[in-house]
K.L.:
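Sending over a structure as structure tokens; questions will come in a sec.
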Amino acid sequence: MPTVIALTRFGPPEVLRPMQIETPRPGPGQALIRVRAAGVNPVDCKLRRGDFAGTYPTDFPQRLGNEFAGTIIALGPDAPTDGAIAVGPDAAGDGALSIGTDVVGSATAQAYAEVLVADIAGLVAKPPSLPWETAAGLPAAGQTAHTALSQLGVGPGDVLLVHAAAGGVGTIAVQLARDLGARVIGTASESNHDYLRGLGATPTTYGPGLLDRVRALAPEGVDAALDLVGGQAITTSLALVQNRDRIGTTVDRRAVEEHGVRRVGGRSLPALREIVGKAAAGRLALPVRTFPLRAAVAAHHLVEGGHVRGKVVLVA
């Protein structure tokens, strides 16, 4: 029986534990995936703590994990007799997927597992040159960063401020923005400043005095801001960016309601295909810290502590 990581009550990382499940069967339009690696994201920690308990119902045992890389081991009953599913540019975009194809994709609250079922239309083929652990860290961070920059209209000549630029979304956003011709200022702890310089960003520390530091680095002004932490980052962005439609947050719902900034991010298969292709070609870097699947407790402690460079990934 395959193993999954789940919780039977909200709480600290220690509530996570391995459980055995019956192997699920894919339905029409679905594939059964042998998971090789799964990304760990801050939202997983929030779900584990019960932060969304008042908003979304939870059925225990609750599984976690929204992004994965793995291999198709079975297809749903509507698969052609040759076992291959043809896909077009608006689906997976890689010709055909079949049993044995390595893929990257998303599956809400399922990915901390040895196997899972996913919709075929949401899968992208994984190039052989792309390591499993890197591939598993791309769907959430990559799609969020790509769609956020598009929503904020980031382009040539812009000055973009990225709050928490050394994390998974920030790491990819910095590189994509640079590819778009923007200049990027990124906030991070001082230990990550050389890392950000290597990505092409101008680093600065967060905390008291951030507004003055950014103004000194960009006396010509800041055109757009991407907030990945909330709170004070929003206050600073409001003081720097004239057009509130070009201030985006992935985490601060209150700022969206009170200040009219944009809620940014979301899934986009074209974006995922582009991100996967760039990473496979060596044109996009994403450092990863790996843990075995059964060490999800340690992985959550690390993510919850903050200051993670790139992504944390569970290897099944």
K.L.:
Set out, in order, the CA-CA distance, both residues' side-chain angles and the distance that settles side-chain contact (heavy atoms from CB on, under 4.5 Å) for Trp132 and Asp102, then state yes or no.
P.N.:
CA-CA 9 Å; Trp132 288 112; Asp102 295 334; 3.3 Å; yes
K.L.:
Check whether any side-chain N or O of Thr249 sits under 3.5 Å from a backbone N or O of Arg263 as a donor-acceptor pair, and report yes or no.
P.N.:
no
K.L.:
Give, for atom CZ of Arg17 and atom CG of Leu7, the distance between the pair rounded to the nearest 0.5 Å.
P.N.:
9.0 Å
K.L.:
Identify whether Leu238 and Val214 are in the same connected component of the hydrophobic contact network (ILVMFWY, side-chain heavy atoms under 4.5 Å).
P.N.:
yes
K.L.:
At their closest point, which heavy atom of Leu123 faces which heavy atom of Ala31, and how far apart are they?
P.N.:
CD1-CB, 4.3 Å
K.L.:
Is a donor on one side and an acceptor on the other found under 3.5 Å between the side chain of Ser129 and the backbone of Ala280?
P.N.:
yes
K.L.:
Strictly by modelled atom types, are His146 and Ser268 linked by a side-chain donor-acceptor pair under 3.5 Å?
P.N.:
no
K.L.:
With a 4.5 Å limit on heavy-atom distance, are the side chains of Leu160 and Leu149 in contact?
P.N.:
yes
K.L.:
Measure from the side-chain N and O atoms of Thr205 to the backbone N and O of Ser189, and report whether any donor-acceptor pair falls under 3.5 Å.
P.N.:
no
K.L.:
Centroid-to-centroid, Phe10 to Phe60, below 6.0 Å?
P.N.:
yes
K.L.:
Yes or no on salt bridge (charged side-chain N to carboxylate O under 4.0 Å, His left out) for Asp179 and Arg283, after CA distance, side-chain angles and deciding distance?
P.N.:
CA-CA 10 Å; Asp179 286 348; Arg283 294 165 47 211; 5.2 Å; no
K.L.:
Does a side-chain heavy-atom distance below 4.5 Å link Val159 with Leu217?
P.N.:
no
K.L.:
Sort out for me which residue in Thr23, Ile5, Ile21, Leu293 forms a side-chain contact (heavy atoms from CB on, under 4.5 Å) with Glu114.
P.N.:
Leu293
K.L.:
Between the side chain of Arg48 and the main-chain N/O of Gly11, is any donor-acceptor distance below 3.5 Å?
P.N.:
yes
K.L.:
Should we say atom CD of Gln242 is surrounded by more than 12 heavy atoms from elsewhere, each under 6.0 Å from it?
P.N.:
no
K.L.:
Are the side chain of Arg289 and the backbone N or O of Val312 linked by a donor-acceptor pair below 3.5 Å?
P.N.:
no
K.L.:
Quick check: is Leu228 connected to Leu284 through a chain of hydrophobic side chains (ILVMFWY, heavy atoms under 4.5 Å apart)?
P.N.:
yes
K.L.:
Would you check if Lys126 and Arg36 make a side-chain contact, meaning some heavy-atom pair closer than 4.5 Å?
P.N.:
no
K.L.:
So which atom in Pro139 and which in Ala136 form the shortest heavy-atom distance, rounded to 0.1 Å?
P.N.:
CD-O, 3.5 Å
K.L.:
Is there a donor-acceptor pair closer than 3.5 Å between any side-chain N or O of Gln151 and the backbone N or O of Gly265?
P.N.:
yes
K.L.:
With hydrophobic residues grouped by side-chain heavy-atom distances under 4.5 Å, do Val229 and Val40 end up in a single group?
P.N.:
no
K.L.:
If you group Ile, Leu, Val, Met, Phe, Trp and Tyr by side-chain heavy-atom gaps below 4.5 Å, do Leu272 and Leu130 land in one group?
P.N.:
yes
K.L.:
Do Arg183 side-chain atoms and Thr202 backbone N/O form a donor-acceptor pair below 3.5 Å?
P.N.:
no
K.L.:
Any side-chain donor paired with an acceptor under 3.5 Å for Thr108 and Asn66?
P.N.:
no
K.L.:
Do Ser98 and Ile72 have side-chain heavy atoms sitting under 4.5 Å apart?
P.N.:
no
K.L.:
Nearest heavy-atom pair of Leu211 and Ala239: which atoms, and what distance?
P.N.:
CD1-CB, 3.8 Å
K.L.:
Quick one: does any side-chain atom of Arg178 pair with a main-chain N or O of Ala182 as donor and acceptor, under 3.5 Å?
P.N.:
yes
K.L.:
Is there a side-chain contact between Thr3 and Gln20 in this structure, where contact means two heavy atoms from C-beta onward sitting under 4.5 Å apart?
P.N.:
yes
K.L.:
How about Glu258: does its CD atom have over 12 heavy atoms from other parts shown lying under 6.0 Å from it?
P.N.:
yes
K.L.:
Please assess His300 against Leu16 for the test side-chain contact (heavy atoms from CB on, under 4.5 Å), listing each intermediate value before the final yes or no.
P.N.:
CA-CA 9 Å; His300 268 233; Leu16 298 174; 3.7 Å; yes
K.L.:
Are the side chains of Ile247 and Asp227 in touch, meaning some heavy atoms are under 4.5 Å apart?
P.N.:
no
K.L.:
Out of curiosity, Leu75 CG to Leu97 CG, how far, rounded to the nearest 0.5 Å?
P.N.:
8.0 Å
K.L.:
Can you name the closest pair of heavy atoms from Leu210 and Thr204 and give their distance?
P.N.:
CD1-CG2, 3.8 Å
K.L.:
Are Val117 and Ile33 connected into the same hydrophobic cluster when the rule is that any two of I, L, V, M, F, W, Y join if their side-chain heavy atoms are below 4.5 Å apart?
P.N.:
no
K.L.:
Measuring from Glu67:CD to Gln110:CD, what's the distance to the nearest 0.5 Å?
P.N.:
14.0 Å
K.L.:
Are any of the side-chain heavy atoms of Arg49 and Glu304 separated by less than 4.5 Å?
P.N.:
yes
K.L.:
Say you draw a straight line from CD1 of Ile185 to CZ of Arg213; how long is it, rounded to the nearest 0.5 Å?
P.N.:
11.5 Å
K.L.:
Examine distances only and state if a side-chain atom of Gln175 and a backbone atom of Ala285 form a donor-acceptor pair shorter than 3.5 Å.
P.N.:
yes
K.L.:
Just so I know, are the side chains of Val43 and Val251 near enough to count as touching, which here means a heavy-atom distance under 4.5 Å?
P.N.:
no
K.L.:
Checking Val297 against Phe291 for the side-chain contact (heavy atoms from CB on, under 4.5 Å) test, could you report, in this order, the C-alpha distance in whole Å, the side-chain angles of both residues, the deciding distance, and whether it holds?
P.N.:
CA-CA 10 Å; Val297 170; Phe291 291 83; over 6 Å; no
K.L.:
Between Thr236 and Tyr206, do the side chains contain an N or O donor and an N or O acceptor separated by less than 3.5 Å?
P.N.:
no
K.L.:
Distance check, rounded to the nearest 0.5 Å: Leu116 atom CG versus Gln30 atom CD?
P.N.:
10.5 Å
K.L.:
Nearest 0.5 Å, what's the OG1-NE2 distance between Thr250 and His163?
P.N.:
11.0 Å
K.L.:
I'd like to know whether Lys311 forms a side-chain contact (heavy atoms from CB on, under 4.5 Å) with Thr134, so could you lay out the CA-CA distance, the side-chain angles of the two residues, the decisive distance to 0.1 Å, and finally the verdict.
P.N.:
CA-CA 8 Å; Lys311 289 296 292 283; Thr134 303; over 6 Å; no
K.L.:
List the atom of Leu32, the atom of Pro26, and the distance in Å for their closest heavy-atom pair.
P.N.:
N-CB, 3.9 Å
